[in-house]
Amino acid sequence: MALDQKIYELRKDKLKQIEALGQSAYPYRYETTHSIPQILGEFSAKTAQDLESPKVNVSIAGRIMSIRVQGKAGFAHLQQDGKRLQIYVRLDFVGEKGFQLYKLLDIGDYIGVKGYLFRTRTNELTIHVEEITFLVKDLLPLPEKWHGLQDVETRYRRRYVDLTMNPEVREVFIKRAKVVQSMRHFLDAHGFVEVETPMMHPIAGGAVAKPFITHHNTLDVDLYLRIAPELYLKRLVVGGMDRVYEINRNFRNEGISTQHNPEFTMLEFYMAYADYRDMMDFTAQMLAQIAIDVNGTAMAHFNGQEVDFGNIQRLTMREAVIKFWPENAGPKPDMDDFSSAEKIAALVHRYNAANPHIPYDPTAPDGKTIAELFEFVAEPHLIQPTFIYDFPLAISPLSKNKREPEENANWVERFEIFAGGLEIGNAFSELNDPEEQRRRFEQQLSERARGDEEAHQMDEDYIRALSYGLPPTAGEGVGIDRLTMLLTDSRSIRDVILFPLLRPLNREEEEKIDVTEGSK
RNA sequence: GGGCCCGUAGCUCAGUCGGUAGAGCAACGCACUUUUAAUGCGUGGGUCGCAGGUUCGAUUCCUGCCGGGCUCACCA
């Protein structure tokens with residue numbers, strides 16, 4: 001029998017003894033006067049004398065995280081909301097039964113205590129307990145108290161243990177909640193309406209990615225888990241909801257890495273009568289505000305570097321390639337070097353001659369090659385928050401062509417937000433010409449035929465919606481997981497997702513907790 | 001999917017140049033009415049991830065598999 005199974009049996013037996021003392025094994029409620037953080041906040045500055053007259057009577061509840069018995073007295077620490085408070089239990093104060101109960105407690109049990117505050121010889125704020133109420137037994141042993149839970153896999157698989165043992169993990173998820181709260185507040189204050197659009201789509205649209213497929217039995221149709229809410233949100237703008245946003249999950253059937261989880265959370269919002277330049281200004285304000293709401297400052301520390309959300313730089317994609325062009329690849333390009341397939345190919349070959357190789361596909365559209373060039377040359381350098389704007393049309397099926405006549409044919413009004421080396425957002429002036437949109441979809445279909453599984457599918461209803469008139473609109477998506485990584489200095493996306501996707505354990509491997517009476 | 005690394009007690013880790021394993025904490029027993037890594041004495045606990053191979057003998061060496069981490073590719 002495994003050790004934890006033995007402990008399980010032992011503790012079930014203790015639970016019976018606790019019931020024999022007149023306590024309920026699984027009581028329904030406990031009345032407290034304070035939370036542990038409240039007590040620490042209110043009384044940490046009080047001296048021993050302050051606490052003596054008048055006496056401060058309190059009752060609190062929490063999980064036992066350490067316990068020390070010394071004959072007819074003992075100490076323990078209770079934890080609540082990641083904070084700990086010591087309690088002092090004496091036989092002559094809690095009585096025979098109370099002390100019997102105390103001796104049957106284990107690390108991990110939840111209890112409630114009633115008593116008064118005092119300071120010990122070592123001046124630690126402590127509750128002198130007059131009554132203990134048993135709340136629940138921890139039947140499985142918690143990790144040891146010095147090192148806590150380190151094993152990364154167990155931390156993700158048993159997040160409840162991770163949260164109990166590692167207060168800093170709790171802090172990350174509290175900050176994550178603040179990111180979302182701040183975002184909502186900012187958007188609500190600017191007149192945006194929060195909406196919910198379908199998660200199950202007949203056509204996986206709005207982004208370039210492989211979808212998950214599911215099936216609805218009654219309708220007997222295959223559906224895709226959404227890869228983006230984009231096309232539905234824009235339908236709402238067509239319907240006169242000028243400012244809408246949605247904060248929810250997207251699903252992409254692709255790789256898992258420190259920056260990718262198959263389900264991830266995205267903010268998408270749309271602002272009618274605005275273009276991508278308005279969007280950059282708006283986003284700069286919003287990101288600075290979120291950073292301040294979460295950390296008290298626009299300056300974030302990520303991966304050993306300072307990332308200033310109060311100062312977002314702006315570069316076009318081509319400017320970024322020029323700016324970060326490596327010395328070993330010869331003289332810096334100029335704007336004319338992006339103007340023809342031959343010149344772009346020459347840039348790739350110059351780069352590849354001295355650097356990690358860009359996978360060059362001569363049959364790919366020029367715009368795709370330029371985007372590849374950008375990824376290799378510039379992206380790794382984008383630590384300070386930066387808007388990279390003006391994207392190739394070839395990789396932007398839903399963005400509006402640039403307004404300048406000389407660039408109108410091949411470039412679109414789109415930008416992405418980079419920070420800490422992560423891509424955290426994507427925005428554009430929305431393409432609202434239904435006939436141009438149809439041509440873009442058709443172009444995507446030919447990309448699909450060329451072998452690109454992720455190319456966008458045709459969506460006739462979306463074109464119909466545009467035909468009713470989408471006003472000039474700018475839209476943006478922000479990856480909330482990655483933004484949270486930046487604001488909490490988390491290197492892996494799994495550290496900002498409570499239950500990241502892991503391969504399920506085999507049933508045989510999964511240790512079974514047998515609750516059958518008397519099982520051995 | 002490729003490359004590199006990891007898997008030993010509930011937890012954190014040692015270790016075995018091939019002879020079936022240890023520590024601390026946790027657990028159990030006794031003592032102890034201001035401790036806080038409480039202390040002192042004592043006790044129990046392991047298919048060394050799984051399966052093959054080599055060997056007189058494998059936790060150790062080899063191969064495969066399972067799970068995980070980092071990284072590259074794809075992507076946000």
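Computed from a predicted structure; not experimentally measured. Naming: A, B, ... by sequence-line order, numbering from 1 per chain.
Residue A:T258 has a polar side-chain atom (N or O) positioned under 4.0 Å from OP1 or OP2 of B:rU71. Side-chain nitrogen and oxygen atoms of A:K14 include at least one within less than 4.0 Å of the OP1 or OP2 phosphate oxygen of B:rC28. Under 4.0 angstrom from either OP1 or OP2 of B:rG67 there lies at least one side-chain N or O belonging to A:R503.
Between A:R226 and A:E246, at least one side-chain N (NZ, or NE/NH1/NH2) sits under 4.0 Å from a carboxylate O, which counts as a salt bridge.
No more than 12 heavy-atom neighbours from other residues, nucleotides or ligands sit within 6.0 angstrom of NZ on A:K83.
Comparing B:rU34, B:rG69, B:rU33 by their closest approach to the side chain of A:F118 singles out B:rU34. In this structure, of B:rU34, B:rC11, B:rG68, it is B:rG68 that holds the atom nearest to the side chain of A:L502. Nearest nucleotide to the side chain of A:P359, out of B:rC74, B:rG10, B:rG69: B:rC74. Of the candidates B:rU33, B:rA38, B:rU35, B:rA38 carries the atom nearest the A:K145 side chain, counting heavy atoms from C-beta on.
Ring centroid separation for the pair A:Y351 and A:H357 does not come in under the 6.0 Å cut-off. A centroid separation of less than 6.0 Å is found between the aromatic rings of A:F75 and A:Y88. Remark: aromatic rings of A:F374 and A:F418 are close, center separation under 6.0 Å.
Taking a pair as Watson-Crick or G-U wobble with both distances under 3.5 Å, RNA chain B forms stems of 3 or more consecutive pairs at B:1-7 with B:66-72, B:10-13 with B:22-25, B:27-31 with B:39-43, B:49-53 with B:61-65.
The distance between atom CD of A:E372 and atom C1' of B:rC72, rounded to the nearest whole Å, is 14 Å. Here B:rC74 presents its P atom at 20 Å from CG of A:N261, a figure rounded to the nearest Å. With rounding to whole Å, A:R121 atom CZ is found 12 Å from B:rU33 atom P. Atom CG of A:L501 and atom C1' of B:rG67 are 14 Å apart (whole Å). The distance between atom CZ of A:R157 and atom P of B:rG7, rounded to the nearest whole Å, is 17 Å. In this structure, A:W146 places its CH2 atom 14 Å from P of B:rA23, rounding to the nearest Å.
Below the 3.5 angstrom threshold, one finds no donor paired with an acceptor across the side chain of A:E153 and the base of B:rG7. Side-chain atoms of A:Q70 and base atoms of B:rU39 include no donor and acceptor less than 3.5 Å apart. Judged by distance alone, with hydrogens and angles left aside, A:R68 brings a side-chain donor or acceptor within reach of the base of B:rU35, the pair sitting under 3.5 Å.
Here A:T120 lies in heavy-atom contact (under 4.0 Å) with a base. In this structure, A:D13 reaches neither bases nor backbone, as no heavy-atom distance under 4.0 Å exists between it and the strands shown.
Nucleotides B:rG46 and B:rU16 place their C1' atoms 15 Å apart, quoted to the nearest Å. Nucleotides B:rU8 and B:rA14 are separated by 10 Å at their C1' atoms, to the nearest Å. A distance of about 44 Å separates the P atoms of B:rC5 and B:rC41, rounded to the whole Å. Nucleotides B:rC4 and B:rG18 are separated by 23 Å at their P atoms, to the nearest Å. Taking atom P on both nucleotides, B:rC28 is separated from B:rG10 by 15 Å, rounded to a whole Å. Taking the C1' atom of each, B:rC6 and B:rG49 are spaced 11 Å apart, rounded to whole Å.
Between the side chain of A:H128 and the backbone N or O of A:F118 there is no donor-acceptor pair closer than 3.5 Å.
Checked options A:F428, A:F387, A:Y389, A:F391; the residue passing with A:F415 is A:F387 (criterion: ring-ring contact (aromatic ring centres under 6.0 Å, His included)). Each of A:F192, A:Y245, A:F282, A:F269 was checked for a ring-ring contact (aromatic ring centres under 6.0 Å, His included) with A:F186, and the lone residue meeting it is A:F282.
Judged by distance alone, the side chains of A:S396 and A:R414 do bring a donor and an acceptor atom under 3.5 Å apart.
Of the residues in residues 73-82 of chain A, those with a non-hydrogen atom less than 4.0 angstrom from any atom of RNA chain B are A:A73, A:F75, A:H77.
Residues forming a salt bridge (charged side-chain N to carboxylate O under 4.0 Å, His left out) with A:E19 (at least two apart in sequence, or on another chain): none.
Between A:H147 and A:R491, the residue anchored closer to the 5' end of RNA chain B is A:H147, taking for each the nucleotide with the nearest heavy atom. A residue-by-residue look at A:R494 and A:V208 shows that A:R494 has its nearest nucleotide of RNA chain B further toward the 5' end.
With contacts defined as side-chain heavy-atom distances shorter than 4.5 Å, the pair A:I227/A:K210 does not qualify.
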